[in-house]
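Reviewing the structure listed below.
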Amino acid sequence: MASLSSVAVTSIPKFDLEFRKSSQHSLSTEKSSNISYQRNSTTTLPDRFIDPKCLDFREALSILNEGTKIESAYYVPLLQQCIDNYSASEAQIIHTHIIKTGAHEDMFLMTFLINVYSKCGVMDYAHEVFDKLPVKNVVTWTALITGHVRNSQPELAIEVFKELLEAGAYPTNYTLGAVLSACSSLYDIKMGKQIHGYIIKYQIESDTSIGNSICSLYSKCNCFDFAVKAFGRIPEKNVISWTTMISACGDNGEAQKGLDFFVEMLSENGEPNEFTMTSVLSLCCVLQALEFGKQVHSVSIKLGCLFNTPVKNSIMYLYLRSGQTDEARKMLNAMETVSLITWNAMIAGYAQMTDVEKDVVTAQHSGTEALNIFLKLNRSSVKPDLFTFSSILTVCSSLVASAQGEQIHAQAIKTGSLSDIVVGSALVNMYNKCGNIEGATKAFVEMPTRTVISWTSMITGYAQHGRPQQALQLFEDMTLAGGRPNKITFVGVFSACSHAGMVDEAMRYFKMMKKEYKIKPVMEHFACLIDMFVRLGRLQDAFDFIKKMNFEPNEFIWSILIAGCRSHGNMELGFYAAERLLELKPKDSETYVLLLNMYLSAARWKDVSRVRKMMKDEKIGKLKDWSSISIRNIVRSFKPDDRSDTHSPEMYALLNDLLDKAKNLGYVSQKSLEMADEEEKGKTFSSVVHHSEKLAVAYGLLKMPSSASIRVLKSISMCRDCHSFIKYISALAGREIIIRDSKRLHQFNNGHCSCGDFGSLL
DNA sequence: CGCTCATAAT
């Protein structure tokens, strides 16, 4: 990393503050064409030559090509057109003419040319112009620095800044603003603080734009408190100051404070603009503050911001995220231009709904909606980008929509999007969630660079697919490659140890996590470790571990212990754990079903009715059993005993046939899932046979090519009966069957399951 | 004179 320490910074003379006074008004791209150079009155060129709106570029060029000598002022509107057209080649033509006529001795014109080239994205040309200047001043230096910042070359910007200091030039507030911006993009807080030091020393901290830049720097470097302080020190806050502060709150997970700042801004008669509104709206999204958002919507109308596309996009996205799909539609219909960002906001909005929605039916509905929008986007003239791909891959992950995911993978390759780490991680995640460990491995290996997220995703993937050794090997690879594991990485590691029953290894990693990486253990870590003891049948060790941890055990921990006690027949400990669990008054109906089943199998009827009463008092609903399967672009979902599909007769016949064959091989149908409702009691047994995942698997067997794997998503945990039966199906039909339920991934092959026949199966 | 600061989506 570049450092200023190599430069004799202490020798910086006082800043040339005169510059600031004469440059109060900022220079927008439009204004810069109206620079008033002294014009020579003898010039014979038409007046419209200086008005960019009336100027015909070709006509102007032909005049230039005749060898007409013109004042340098006349080049400015022409060069402005080059910027507007983002055309470096047009700029070069004019540049050639400038050299021919000797206008290149005009310092101001050459500074402008540096800007033109940098705004057209060709920093090499800008550098060339700069290098050929016989005399350089602080503005030419600053133009070059700004160019590098604009073209995402912050390191080079810093290099040039150091050269400027070495050359003994005087940086201005403009220069330092650009350098601060470079520090921000590099997240280089150390150098940023040095610059801040000079700014204080030379007393230009009170300059509004400098204050804004400092606030922005601290925010980008996650120093939120410093950002707030910097904001407070700006004596004359403008709309940019407020907007910077508000978006800083969003970037630093302080959304509520952002809304407070917005209210404060309004009360101090600050006038928000379209930038402010989009920032505030994104905070409303984070906070799910729909009512506040609606008010922001009406303020936007009053301020006339609603004509701004980003504002409309943000409002639409807020409505979508809040589940107000009709309102979102209205906003969409009111848009005259539908940009890629609009598409992305729609897809991401539905993707989010898919991800957070507990009700699987609703989740599937929004997921399907997102896929439909993506199809429409592909038929339009707009090309999807990195955001689109990562959002839509998340949808495929949530829906276990493997075929769609693979298609999108192919499209991502074609568009060169695979070099992006977010898209790469989304792909690894998609294949893992779809139970395709080979696909995930391939996507992971092909990533150009890996992040903690992709490493962790892959480690967890191996653990979930019952490949603990590979998971642990990957963890070693990760640390060897210099990757720093986080708490989620360790959840994956412990989960692998739990699968492999590697108690000593687990304890070693547990120590490593606390000592070496200074990560405080959280409930998920304990859950994995307790699960490990339980799997091994070491229930007392599990219980001791619970007592040892510095946490009050939650529902999840007790449920694991209860499930283990039930499997290993240690009922005494099971009943104790059940009492602790009931004290917590869980809200989850699956937990109660687990308890009911335990008491039922022990014939403790008093407890059975006690649990039932509690469920009524706590208003716990019935289990919502749903399963879905994606075939081509259609997501098909099934309820238990579902007969809504036209192929239902064939599905049920197929299931009966498989049931008979499985029984011949030793399968025993069992009544394992108690319905939450007493009236359901009599019907329970028949329901077990037609649980939703059995139907979805049958549908897949009928509809999918005979070699294809069958992938099913299920809303609740699988019951023991289904788990056992589907193992038989995988052997009988010679198919790989993957079921992702609410708790874990089950990969069935040749009569075996990757979960190791263990888990909190109901 | 010329050079800067803030926005929506993973």
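Everything quoted here is computed from the prediction, not taken from an experiment. Chain A is the first sequence line, chain B the second, and so forth, proteins listed ahead of strands; every chain is numbered from 1.
Heavy-atom minimum distance, A:Ile83 versus A:Cys120: CA-SG, 4.2 Å.
Taking every side-chain heavy atom of A:Asn212 into account, B:dC5 is the closest of B:dA8, B:dA6, B:dC5. Across B:dA8, B:dT10, B:dC5, the shortest atom-to-atom separation from the side chain of A:Ser209 is found for B:dC5. For A:Asn344, taking side-chain heavy atoms from C-beta onward, the closest of the listed nucleotides B:dC5, B:dA8, B:dA9 is B:dA9. With B:dC5, B:dG2, B:dT7 as the candidates, the nucleotide lying closest to the side chain of A:Asn115 is B:dG2. For A:Asn137, counting side-chain heavy atoms from C-beta on, the closest listed nucleotide (B:dC5, B:dG2, B:dA6) is B:dG2. Minimum atom distance to the side chain of A:Phe275 is reached by B:dA6, of the listed B:dA6, B:dT10, B:dC5. Nearest to the side chain of A:Ile240, among B:dC5, B:dT10, B:dT4, sits B:dC5. Among B:dA9, B:dC5, B:dT7, the nucleotide with an atom closest to any side-chain atom of A:Asp385 is B:dA9. When distances run from any side-chain atom of A:Tyr174 to the nucleotides B:dT4, B:dG2, B:dA9, the shortest one goes to B:dT4.
The side-chain hydrogen bond (donor to acceptor under 3.5 Å, both in side chains) with A:His148 is formed by just one residue from the set A:Glu159, A:Gln153, A:Glu155; it is A:Gln153.
Between the CH2 atom of A:Trp343 and the C1' atom of B:dT10 there is a distance of 19 Å, rounded to whole Å. Nucleotide B:dT7 holds its C1' atom 15 Å from the CG atom of A:Leu306, rounded to whole Å. For A:Lys220 and B:dC5, the NZ to C1' distance is 10 Å, given to the nearest whole Å.
Counting only residues at least two apart or on different chains, no salt bridge (charged side-chain N to carboxylate O under 4.0 Å, His left out) pair has a member in residues 382-397 of chain A. Evaluation of the salt bridge (charged side-chain N to carboxylate O under 4.0 Å, His left out) test over residues 409-421 of chain A, restricted to residues two or more places apart or in two chains, returns none. Note on residues 300-309 of chain A: no pairs pass side-chain hydrogen bond (donor to acceptor under 3.5 Å, both in side chains), not counting sequence neighbours. Judged as a salt bridge (charged side-chain N to carboxylate O under 4.0 Å, His left out), the pairs with a partner in residues 369-378 of chain A (not counting sequence neighbours) are, in order, A:Arg329-A:Glu369.
Taking 4.0 angstrom as the limit, A:Gln352 places none of its side-chain polar atoms (N or O) nearer than this to OP1 or OP2 of B:dA9. Side-chain nitrogen and oxygen atoms of A:Tyr317 include at least one within less than 4.0 Å of the OP1 or OP2 phosphate oxygen of B:dT10.
When the side-chain contact (heavy atoms from CB on, under 4.5 Å) test is applied to A:Thr451, the partners found at least two apart in sequence or on another chain are A:Ile421, A:Ser425, A:Ile453, A:Ser454.
In this structure, A:Arg321 reaches neither bases nor backbone, as no heavy-atom distance under 4.0 Å exists between it and the strands shown. At the heavy-atom level, A:Ser314 lies under 4.0 Å from the strands shown only through sugar-phosphate atoms. When heavy atoms are screened at a 4.0 angstrom cut-off, A:Asn273 is found touching base atoms of the nucleic acid.
No donor-acceptor contact under 3.5 Å links the side chain of A:Ser279 to the base of B:dT7.
Applying a 4.0 Å cut-off to non-hydrogen atoms, none of the residues of residues 249-259 of chain A approaches DNA chain B.
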